[in-house]
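First up is the structure itself, then whatever we jot down about it.
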Amino acid sequence: MRIDVPKVTVLLAAASVFACGAEPPAERVVARDSAGVTIIESRGTAWSDGRGWRLSDEPIVEIGMVDGPAEYVFEDVAAVLRRADRLIVVADGGANEIRYYDEAGGFLRASGRAGDAPGEYRQLISIGAGPGDSLWAYDFGNRRFTVLSSEGSAVRTVSVGGTLSSVGAVGQFSNGSFIVREFWSSGSNSGEIVSGLVREPAAVARLAADGSSLDTVGAFPGREIFVGSEDGRAVMSSPPFARGASVALWEDRLLVGIQESFEIGLYSPTGELERLIRVLGVDLTISDADAEELIEQDLARVPEARRPMVRRHLESMQMPETRPAYGDLLVDESGRLWAAESTRWPALPSYWTVFDVDGGLLGKVELPNRFRVHAVGSDWVLGVWRDDMDVEFVRLYELLK
């Protein structure tokens, strides 16, 4: 990963204008140091209108069928990646199976099944690239990683011990250790039930390659929840515009964003903040129309008879003061940071915001409808598209620059 700080360049023309008494133009990207932390602030995009990146109109590879052989029918795709040898690997959560396809989308082989034995999964939710063409798979149900050979056979399993709750995988460092995170906070240690809008800290931790240790890298604000009461019991709900923590790996560094502003932190493997990536001037205010739109989206997913009750519940919840600044984070194979538009599940982002390798803002890449991005290469974007009947297809698009 490049971590050189870009130099601030002043054009001669701008210097000439400033000499005549006019205000100097603001730099699009400014890098500065603050107590040993490099801060990269962007005030505008590098791409002018019509000159940014886009996806090809049609996918260059599509895998999937409405009806057909089982290896081409997907049920709840958990993750998709593209190996260096261009093979496409799909983790099918419904079948608890990992499938391998050639670069044209032809089925090659599969590994895994439902179960608790090595090479089996109770709830397969993610996969990632390891050294060479090896992979790792994370089983949420069994709280363990499975390291797979290039052919897909199970080499070993690594269990996640400790007291972390609701653990998910983030990725693997070059030394073989794994980064995990809590999806939801373990909660306050006080034992008191706090009502209203609550955001407890959630841990990010490093698991040794052999599972011998689990060390906390840091605790960051977790997902916001609304705690109310019903029949004397505490009831937790996810309010509209709830903010959470976005976590990803940038080679052997950790990206964490808490979504309260367009700011993302880059941390060392041991949790020291090294860089802040910021976009200035982003409007995160929530209007009444914004709130009503999100409520209507929620109501559309429940039976009509229940909608008045659900509306009353949603309107009674305290909402965050601002909308989330972004959603998921990923780093493409060229080392560029991508940040998804924030959406409320199950809605999908319509665009991702892209940064250069130093953290300067490039612009936005629009996405096809009903398409979820899983991985980005130097000239391709891989993900899952759903048709009008919610049938899943793995699609590879060309990234046109």
Side-chain angles (χ1 to χ4, degrees), residues 1-3 6 28-29 40-42 44-47 51-56 59 77-82 84 88 126-129 168-172 179 181 243-259 261-267 275-280 282 284 323-343 345 347-385 394-401:
M1 177 187 65
R2 284 177 53 193
I3 58 174
R28 183 183 64 82
V29 180
I40 311 294
E41 293 181 334
S42 296
T45 63
W47 299 336
R51 299 299 297 273
W53 299 351
R54 65 180 181 87
L55 273 59
S56 55
V77 174
V80 186
L81 60 80
R82 196 183 195 197
I88 295 172
S126 56
I127 55 175
V170 178
Q172 187 177 30
I179 294 294
R181 59 171 299 186
R243 295 168 294 197
S246 303
V247 186
L249 295 192
W250 198 342
E251 294 189 356
D252 276 354
R253 296 292 186 272
L254 185 67
L255 288 163
V256 181
I258 62 173
Q259 304 178 359
S261 64
F262 215 122
E263 178 179 274
I264 299 162
L266 181 67
Y267 294 82
R275 184 187 304 189
L276 287 173
I277 298 169
R278 292 174 176 167
V279 180
L280 304 181
V282 179
L284 300 178
R323 69 176 69 245
Y326 46 83
D328 291 337
L329 302 176
L330 67 79
V331 176
D332 68 23
E333 65 178 9
S334 299
R336 298 183 183 92
L337 167 62
W338 293 58
E341 174 196 17
S342 172
T343 57
W345 186 89
L348 297 178
S350 61
Y351 66 86
W352 285 65
T353 300
V354 187
F355 298 81
D356 64 28
V357 294
D358 294 311
L361 176 62
L362 294 176
K364 295 178 180 179
V365 174
E366 304 291 334
L367 302 181
N369 290 332
R370 307 176 70 87
F371 178 69
R372 180 183 292 279
V373 174
H374 283 258
V376 180
S378 59
D379 58 0
W380 52 265
V381 176
L382 179 67
V384 176
W385 175 79
V394 173
R395 282 186 169 185
L396 181 72
Y397 287 91
E398 185 178 4
L399 181 59
L400 303 172
K401 300 179 180 181

Item to complete: Show your working on side chain to side chain contact (heavy atoms under 4.5 Å, CB included) between V373 and W338 and close with a plain yes or no.
Response: CA-CA 10 Å; V373 174; W338 293 58; 5.9 Å; no

message: Please determine whether side chain to side chain contact (heavy atoms under 4.5 Å, CB included) holds for the pair W380 and L399, giving the CA-CA distance in whole Å, both sets of side-chain angles, and the decisive distance to 0.1 Å.
response: CA-CA 5 Å; W380 52 265; L399 181 59; 5.5 Å; no

Determine, step by step, whether L249 and V170 satisfy the side chain to side chain contact (heavy atoms under 4.5 Å, CB included) criterion, reporting the C-alpha distance in whole Å, the side-chain angles of both residues, the deciding distance to 0.1 Å, and the verdict. CA-CA 7 Å; L249 295 192; V170 178; 4.0 Å; yes

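Atoms OG and NZ, on S378 and K401 in that order, are 6.0 Å from each other to the nearest 0.5 Å. From R28, atom CZ reaches atom OG1 of T45 across 7.5 Å, with rounding to the nearest 0.5 Å. The CD1 atom of I264 sits 12.5 Å away from the CD1 atom of I40 when rounded to the nearest 0.5 Å. Rounding to the nearest 0.5 Å places CG of L254 at 8.0 Å from CG of L266. Atom CG of L255 and atom CZ of R275 lie 9.5 Å apart (nearest 0.5 Å). The line from CZ of R336 to CH2 of W250 is 10.5 Å long, rounded to the nearest 0.5 Å.
Looking at every heavy atom in both residues, I258 comes nearest to Y326 through N-OH, 3.4 Å. What you find for A248 and L329 is that their closest heavy atoms are CB-O, 3.6 Å. Residues P324 and L284 approach most closely at O-CD2, 4.1 Å, considering heavy atoms. Between L330 and D332, the shortest heavy-atom contact is CD1-N, 4.0 Å. Between L276 and G265, the shortest heavy-atom contact is CD2-CA, 3.9 Å. Nearest heavy-atom pair across S246 and Q259 is OG-NE2, 2.8 Å.
Y397 has its side chain within reach of P368: a pair of non-hydrogen atoms, C-beta onward, lies under 4.5 Å apart. Between S42 and V29 the shortest side-chain heavy-atom distance falls below 4.5 Å. For the pair T343 and L348, the minimum side-chain heavy-atom distance is 4.5 Å or more. Side-chain contact between W352 and L367 is present, with at least one heavy-atom pair separated by less than 4.5 Å.
Remark: of the listed residues V354, D379, V381, V354 is the sole one forming a side chain to side chain contact (heavy atoms under 4.5 Å, CB included) with W53.
Using modelled atom types, no side-chain atom of R82 and backbone atom of L396 make a donor-acceptor pair closer than 3.5 Å.
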